[in-house]
Amino acid sequence: MTQYLSLYIHDGDAHGGLIPELRVTVTGKNREQVRQRLQQGAALSLLEYDRQDLPRPEGQYRSADDLPAEILADFPNPDTELIEPADVNAYSLHIEQLVEASGLSDSEIARRMGTSPAAVGRLQDPFYFGQTLATVEKLQRALDEATLGERQRGLFDDLGRLALAVVPAEDRKRAGPVNQWGRTPVQFSAVAHDGRAVHFHNRLYDVTYQGVLSAVVHVRGVDDDGRPAVISGPMDSFQWRATYLGFQPAEPQRDSHHLPV
C-alpha cells in the first residue's frame, strides 16, 4: 500500500498532524491519536479521489527534503513519518449507500431495528468491522420497508404506464371507469438479456422481490410455449413489455330481483 509523508506538530499540550499530499489535517490528545486520525483521514481522502474518478496521489514526498518551500516555511525542521492509510471496510460503505438510498434517518432505522442511532451509525463507519449477520438481517428488514417498497411501487407504476400506452382510449371508455361494461386485459412480459421471456397478468403476485441487499426480482408466468416459467435477476436487467389482448365485453348480469330465493 502507498505510504504518505506525515508531519507532526506539537506546541505545549496541543498536538496536530498534516499529510500535505492528501491535504489532510487533524488534531488529537497525543501523537498516537494524531497518527490514527491521519491514517483514517488518508483513507477517506483516497475514497473521495475514487468517487470523483480521479487518480490517487502516488506518495511523491518521502522526506522533509521533498516538501515544497512554502510548507517548510510554516513547519521548519518538521517531525515526519511515512504512514499507510487505515483499512476500510467495503461492506460498511455498501451499508451506507443502502441507508442513503432508503431516505430514512438513522433515528428512524434505529426505531425499526430496536437499537440506538449510534449503533446504526456504527454500521456505516468505514473503519468498523464488527457487523454481525443477525444485525445486518435486522437492518435489511428495516430498509426493505422503505427501499424495497419504493422499488415495487416504481415498477408497478411503470407497468401501469405501459398498459395505458397500449390500450386504445376508445376501449378504455367502453369499459367504463371500473370495468363495468367490459375489460381491457393486458399481458405483460419480462425479457431477460439472454432473450428468455416470461409472460404474466397479475402484477402484484407474479413479480416479487428477494430483498433490498440482493436487489433481485422474480417473475412468474409462462414462456413462449405456454409452459410455467420463472426468471430472476436485477429489476433493471429486464425489458418490460405490454401487449393488449383486446376488449372483452362484460357478461350480462341477471336482475337480482328475479333470482330464486
Side-chain angles (χ1 to χ4, degrees), residues 1-136 138-139 142-143:
M1 182 178 292
T2 303
Q3 293 182 319
Y4 296 93
L5 186 69
S6 301
L7 282 62
Y8 291 94
I9 307 161
H10 181 204
D11 183 9
D13 294 332
H15 294 264
L18 168 69
I19 304 179
E21 195 168 356
L22 299 179
R23 300 181 181 179
V24 173
T25 304
V26 304
T27 59
K29 296 179 180 179
N30 49 53
R31 182 186 174 108
E32 183 55 35
Q33 188 178 69
V34 168
R35 186 176 190 275
Q36 181 184 42
R37 291 179 176 178
L38 283 173
Q39 289 178 307
Q40 293 180 347
L44 295 176
S45 177
L46 294 176
L47 284 176
E48 191 58 33
Y49 276 95
D50 294 342
R51 290 191 181 106
Q52 297 185 32
D53 199 24
L54 297 173
R56 290 186 170 195
E58 299 178 353
Q60 59 178 324
Y61 304 145
R62 310 311 295 171
S63 70
D65 296 336
D66 299 328
L67 292 172
E70 57 268 24
I71 295 179
L72 290 174
D74 293 332
F75 305 101
N77 302 316
D79 180 9
T80 64
E81 179 186 10
L82 289 171
I83 66 170
E84 293 182 352
D87 291 332
V88 171
N89 187 349
Y91 198 56
S92 298
L93 301 178
H94 182 57
I95 290 176
E96 181 185 28
Q97 292 173 351
L98 293 173
V99 169
E100 182 177 352
S102 75
L104 300 175
S105 66
D106 286 0
S107 297
E108 174 59 20
I109 295 173
R111 184 191 68 79
R112 297 183 181 196
M113 292 179 63
T115 187
S116 66
V120 175
R122 188 163 56 248
L123 294 175
Q124 305 168 68
D125 185 342
F127 309 113
Y128 179 69
F129 290 81
Q131 295 95 340
T132 65
L133 179 59
T135 301
V136 171
K138 289 176 67 175
L139 174 66
L143 295 182

Hey, is the main chain of Q3 close enough, under 3.5 Å, to the side chain of R62 for a donor-acceptor pair?
-> yes
Verdict with supporting geometry, D125 and Q40, side-chain contact (heavy atoms from CB on, under 4.5 Å) = CA-CA 11 Å; D125 185 342; Q40 293 180 347; over 6 Å; no
Do other residues, nucleotides or ligands put more than 12 heavy atoms under 6.0 Å from N77 CG?
-> no
Is any side-chain heavy atom of Q33 less than 4.5 Å from a side-chain heavy atom of V26?
-> no
What pairs meet the side chain to side chain donor-acceptor pair (under 3.5 Å) rule with one or both residues in residues 4-24, with sequence neighbours excluded?
-> Y8-E81
Contact check, side chains of P117 and I109, non-hydrogen atoms, under 4.5 Å | no
Are I83 and I19 close enough that some pair of their side-chain heavy atoms sits under 4.5 Å apart?
-> yes
Does the side-chain contact (heavy atoms from CB on, under 4.5 Å) test come out yes or no for L93 and V88, once each step is laid out?
-> CA-CA 8 Å; L93 301 178; V88 171; 3.8 Å; yes
Does Y49 have R56 sitting over its ring (NZ/CZ under 6.0 Å from centre, angle to axis within 45°)?
-> no
Grab the two heavy atoms, one from L44 and one from P126, that are nearest each other, plus how far apart they are.
-> CD2-CG, 4.0 Å
K138 side chain reached by T115 side chain, heavy atoms, under 4.5 Å | no
Under the salt bridge (Lys or Arg N to Asp or Glu O under 4.0 Å) rule, what pairs show up with a residue in residues 40-49, not counting sequence neighbours?
-> E48-R51
Given Q124, which of L139, L98, D106, N89 fulfils the side-chain contact (heavy atoms from CB on, under 4.5 Å) condition?
-> D106
Under 3.5 Å, is there a donor-acceptor pair between the side chain of S92 and the main chain of Y128?
-> yes
Short question: side chain of E108, backbone of L104 - any donor-acceptor pair under 3.5 Å?
-> no
Point-to-point distance, once rounded to the nearest 0.5 Å, from OG1 of T135 to CE of M113 | 6.0 Å
Heavy-atom count around E70 CD within 6.0 Å, excluding the residue itself: above 12?
-> yes
Worked check of side-chain contact (heavy atoms from CB on, under 4.5 Å) between L67 and L7 = CA-CA 10 Å; L67 292 172; L7 282 62; 4.0 Å; yes
Test side-chain contact (heavy atoms from CB on, under 4.5 Å) on F129 and D87 and set out the steps.
-> CA-CA 10 Å; F129 290 81; D87 291 332; 4.2 Å; yes
Side-chain touch L72/P78, heavy atoms, less than 4.5 angstrom | yes
